[in-house]
Amino acid sequence: MPTLTADSRTDVVSALEALDTRLRWLSSWTVHNANHIREKRDGLKVGGHQASCASMTAIMSALYFHALRPQDKVAVKPHAGPVLQAIHYLLGNQSLDQLQRFRALGGAQSYPSRTKDKIPVDFSTGSVGLGVAITAFSSLVQDYLIAHGQMAEQEAGRMIALMGDAELDEGNIYECLIEGYKHDIRNCWWVVDYNRQSLDSTTADRMFRRFDDIFETCGWRVITLKHGKLQRNVFARPGGQAIADWIDNCPNAEFAALTYQGGAAWRQRLMADIGGAAKVRALLDSFDDDRLAALMTNLGGHCVESLIDAFDSAQDDLPTLFIAYTVKGHGLPLAGHKDNHSGMMNPGQIDQLRQSLSIPVGDEWEPYGGLGDNQAARLKEFVATSALAVKAPEADAPTIPVPARLAFPASDAQSTQAAFGNVLLELAKSDEPLADRIVTTAPDVTQTTNLGAFVNQRGLFRRAEMVDVFRAAKIPSAQKWDGHAAGQHIELGIAENNFFLAMTSLGLAGPHFGTRLIPVGTVYDPFIARGLDALNYGCYSDARFLLVGTPSGLTLGPEGGAHQSINTPLIGMGQPNLTYFEPAWADEVALVMRWAFDYMQQPDGSSVYIRLSTRVIPQMARANDAWEADALKGGYWLKQPEPNADAAIVFTGAIAPEVLRAWEQLVDDVPGIGLLNVTSPDLLHREWSARHASRWTDGKRPQSHVEDLLSVLSPTAGLVTVIDGSPGALSWLGGVKGMRVSPLGIDSFGQTGDLPDLYHRYRLDADAIMDAAAELFL
Ligand SMILES: Cc1ncc(C[n+]2csc(CCOP(=O)(O)OP(=O)(O)O)c2C)c(N)n1
Ligand SMILES: [Mg+2]
């Protein structure tokens, strides 16, 4: 950011003001084109948010073309997406074609998207609140990388959120504030577009100054930009203080309504309320209606001078909240109207706006349309020399080698959760490069999900040294809970939204900072649902992490129905950019984890979710490794059926002992019966349906793995499917070859009990499997 002399400051301010206008026009026109000019085929409203954009154009002009440094990253308020598109259009990073196809197939996206947009997008946004909080976690990740020597301190950027004021209603904002305070985050700015309007209405007056308290309590500096320079100058004139006081006391809804009504209404109201004082009357009389309206709406967030002063004043690394007062729809005929969120200028109104900006008909898309040649050239030059113009695109971070096999201590009986912890412990003790890049995290369930051993070995991450008081006092404990800069576990409080946002930020370290981390996070499987939107957000952003849901299912027994996850297999199957595995034995856990560490790093890979259990079960004696390749494709024959066999039992996960017992009892009566272990219902189903679809797209119809597996059975065979979770995760297998299915699983809430009772009550025991088989096969 350049230091400004008085002269250059005047130039910068006028350039930023001109850019504010350009952004307001281009964003409005982009939305207008999509709704009123582009051909419509389906009668659907295309949509777009002209008022939300206009609310932020000055803020974004001042930020992007003055305050932003190349290393900074910004999350843009979702419905200000067209402003970001316009910025990149001016920078030459966005094509006219993309703008013209805003919200159409293959065109600029409605809300900034890392994966779908052609322009550089640092953070996807859309689900309000998440795009804000993610910046706090990314600043934590940046600190982690600096502390681990993966990034130089001087390369540190600011993680900035441009947010709507209604986003302050989202609970995840406050969860993240608290977590951020605990971790002493820095280099984070949140800029609130404080237009005091949400989607439905104007916001509560009572919140005035409350946000200051909340943020300051959490260690943030709060900078409020309430009045623009014009207002401040007028307030200093005789009679001005009365106007200032009047504005300060005006309820949000009334301010908005007067804004919409315009200059004459402002005058009438001000005269009625404070016009008795002679100096006020004289002051008001010195403004015509238009200038009075401009004065009254000259709020801090529309004044580039106030904005650059505010940004310039916050050059240390303290997290900072800028509350920039704005008018929703500023500069548009929609300004202030409470219904303007989805409101749009009609063709007459946009034409008036065009004329007011001297943009000739036909020049609407001209980046600098309506400006004189000299001014256009100066502005172009200003944009071309902005810090943003030299920002390098995201680079591919080098991949971290993954060992050919992951070691784990074999034992006769163990749980998949214990195996997970053991694999990590072995890695932690190794000098594998992979081990150094693993970052673990959990929302206050580190110990109960078996991450403890890894943490003991690799330590807790803290920027400032943190002594484990219990250890220092020599009080016996299984946990070494010392925190230091080299630690590799990020301790999180119990807020699953934060957990998934942290995983997202960690999983974007590669594209964001050019150096990879391998995030491994554990959560109680049922509480995935608590952070589901943040998980979806992370997947949509194509962040890469290993999610471990454990423990899971009815198999939790005495923990009862509130903790027994039922539908997570369906979440695992239904969530794009997340591949779900549910291993049954320790060797499968090690195999899947190794695969995951590799797959997470592949360009076409994804995040991986493994669903684990605390149930200790006897381990399989394997004759060889032949099962492994199929296991990684989603399933393998644990007991190969005889050719044309009439039956198979299909199962997933820790219910294996019941399934094996049933199989052993059935094999005499149903000769050649197979036993299929589905390690990933997700991979099997996804490949099967993708191959079906490919027939229509590229004319080929290669056989899928699940078809290969099932084609050894008789075409009229029956399947008993068994999973400790929603039976739908496996019952679809009947559709692959048109086989009859008897699906066993959990459809209703569980309850407390021991396993024999629960498996019996919910029909997951060997008897239930045999009953189902008898009905189908015998
Ligand atoms: C999680 C979530 N819930 C609801 C919405 C729908 N929605 C879009 S914008 C918005 C509120 C807009 O208000 P504000 O954040 O103040 O932005 P403004 O348009 O006023 O600038 C809502 C409720 C959403 N995008 N995300
Ligand atoms: Mg708002």
Side-chain angles (χ1 to χ4, degrees), residues 23-24 27-28 31 45 47-60 63 74-84 103 109-113 123-135 161-176 190-205 207-208 211 225-226 252-253 255-257 259-260 297 299-302 321-332 334-344 496-497 500-501 504 529-538 540-541:
L23 297 179
R24 186 176 316 122
S27 56
S28 293
V31 175
K45 172 185 156 185
H49 304 87
Q50 291 172 332
S52 301
C53 288
S55 194
M56 279 220 114
T57 48
I59 294 172
M60 289 179 73
L63 182 76
V74 190
V76 176
K77 180 181 82 167
H79 28 301
V83 183
L84 184 67
R103 289 186 168 231
Q109 298 297 295
S110 44
Y111 309 119
S113 169
F123 298 97
S124 297
T125 52
S127 181
V128 300
L130 300 181
V132 180
I134 189 76
T135 56
L162 298 175
M163 60 193 286
D165 54 334
E167 297 194 74
L168 289 164
D169 286 334
E170 288 285 3
N172 84 280
I173 296 282
Y174 303 95
E175 294 180 353
C176 135
W190 290 357
V191 185
V192 187
D193 174 358
Y194 199 53
N195 59 28
R196 293 146 294 145
Q197 280 187 252
S198 58
L199 190 158
D200 279 340
S201 61
T202 48
T203 55
D205 297 299
M207 289 315 292
F208 178 63
F211 295 118
L225 294 82
K226 187 156 190 190
N252 292 340
F255 191 91
T259 299
Y260 180 72
T297 55
L299 302 180
H302 299 306
L321 179 78
F322 299 90
I323 301 182
Y325 276 69
T326 53
V327 166
K328 191 156 172 170
H330 186 60
L332 308 182
L334 314 166
H337 197 292
K338 74 177 175 58
D339 304 337
N340 65 9
H341 185 76
S342 314
M344 229 170 267
E496 285 74 13
N497 259 300
F500 284 113
L501 289 172
T504 300
R530 182 65 170 264
L532 200 52
D533 194 30
L535 168 63
N536 182 58
Y537 173 79
Y540 181 66
S541 303

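The basis for the numbers below is simple: all heavy atoms, side chains too, and nothing from hydrogens, waters or symmetry mates. The shown structure was predicted, so the numbers you read here are calculated from the model rather than taken from an experiment. Both counts, for ligands and for their atoms, begin at 1 and track the order of listing.
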Novice: Evaluate whether atom NZ of Lys338 has more than 12 neighbouring non-hydrogen atoms of other residues, nucleotides or ligands under 6.0 angstrom away.
Specialist: no

Novice: May I ask you to check whether Thr202 and Asn252 show a side-chain donor-acceptor distance below 3.5 Å?
Specialist: no

Novice: Determine, considering heavy atoms only, which of Val192, Leu199, Val128 sits nearest to atom 6 (C) of ligand 1.
Specialist: Leu199

Novice: Is it the case that more than 12 heavy atoms not belonging to Phe255 sit under 6.0 Å from its CZ atom?
Specialist: yes

Novice: Looking at Arg196 and Asp165, is any side-chain nitrogen of the basic one under 4.0 Å from a carboxylate oxygen of the acidic one?
Specialist: no

Novice: So does Leu130 get a backbone contact from the side chain of Ser127, meaning a donor-acceptor N/O pair under 3.5 Å?
Specialist: no

Novice: Any protein heavy atom sitting closer than 4.0 Å to atom 2 (C) of ligand 1?
Specialist: yes

Novice: Which atoms from ligand 1 have a heavy atom of Lys328 less than 4.0 Å away?
Specialist: 18 (P), 19 (O), 20 (O)

Novice: Is it true that Gly126 lies under 4.0 Å from ligand 1, counting heavy atoms only?
Specialist: yes

Novice: Considering heavy atoms of the protein only, find what lies nearest to atom 17 (O) of ligand 1 and give residue, atom and distance to 0.1 Å.
Specialist: His79 NE2, 2.9 Å

Novice: Provide the number and element of each atom of ligand 1 under 4.0 Å from a heavy atom of Ser52.
Specialist: 18 (P), 19 (O)

Novice: Indicate yes or no: does an N/O atom of Ser55 lie under 3.5 Å from an N/O atom of ligand 1?
Specialist: no

Novice: Is Ser198 close enough that one of its N/O/S atoms sits under 2.8 Å from the Mg ion (ligand 2)?
Specialist: no

Novice: Could you tell me, atom by atom, which parts of ligand 1 come under 4.0 Å of a heavy atom of Lys77?
Specialist: 18 (P), 21 (O)

Novice: Just by distance, do the side chain of Asn340 and the backbone of Leu334 share a donor-acceptor pair under 3.5 Å?
Specialist: yes

Novice: State, to 0.1 Å, how close Thr125 and Tyr111 come at their nearest heavy-atom pair, and which atoms those are.
Specialist: O-CB, 3.5 Å

Novice: So, does Thr504 use its side chain to make a donor-acceptor pair with the main chain of Phe500 at under 3.5 Å?
Specialist: yes

Novice: With heavy-atom distances below 4.0 Å as the criterion, list the atoms of ligand 1 near Asn195.
Specialist: 18 (P), 20 (O), 21 (O)

Novice: Between His341 and ligand 1, find which residue part has any heavy-atom pair under 4.0 Å and reply side chain, backbone, both or neither.
Specialist: side chain

Novice: I'd like to know whether ligand 1 has Ser127 as a neighbour, heavy-atom separation below 4.0 Å.
Specialist: yes

Novice: Under the 3.5 angstrom rule, does the side chain of Glu167 hit a backbone N or O of Gly129 as a donor-acceptor pair?
Specialist: yes

Novice: For ligand 1, find out whether one of its N or O atoms is nearer than 3.5 Å to an N or O atom of Asp533.
Specialist: no

Novice: Using a strict cut-off of 4.0 Å, indicate which atoms of ligand 1 neighbour a heavy atom of Asp193.
Specialist: 21 (O)

Novice: Hey, is Glu170 one of the residues with a heavy atom under 4.0 angstrom from ligand 1?
Specialist: yes

Novice: Could you tell me if His337 and Lys328 have a donor-acceptor pair between their side chains, going purely by distance under 3.5 Å?
Specialist: no

Novice: Is a side-chain donor-acceptor pair under 3.5 Å present for Tyr540 with Ser113?
Specialist: yes

Novice: Kindly report the OD1-the Mg ion (ligand 2)-O angle for Asp165 and Gln197 respectively, rounded to 10°.
Specialist: 110°

Novice: Counting only heavy atoms, tell me which of Ala166, Pro78, Ala54 gets closest to atom 14 (P) of ligand 1.
Specialist: Ala166

Novice: Judged by atom type as modelled, is there a donor-acceptor pair below 3.5 Å linking the side chain of Ser52 to the main-chain atoms of His49?
Specialist: no

Novice: Consider every N or O of Ser198 and every N or O of ligand 1, then say whether any pair is closer than 3.5 Å.
Specialist: no

Novice: Give the atom numbers and elements of ligand 1 that come within less than 4.0 Å of a heavy atom of Glu167.
Specialist: 15 (O)

Novice: Among all protein non-hydrogen atoms, which one is nearest to atom 16 (O) of ligand 1, and what is the separation to 0.1 Å?
Specialist: Asp165 OD1, 2.5 Å

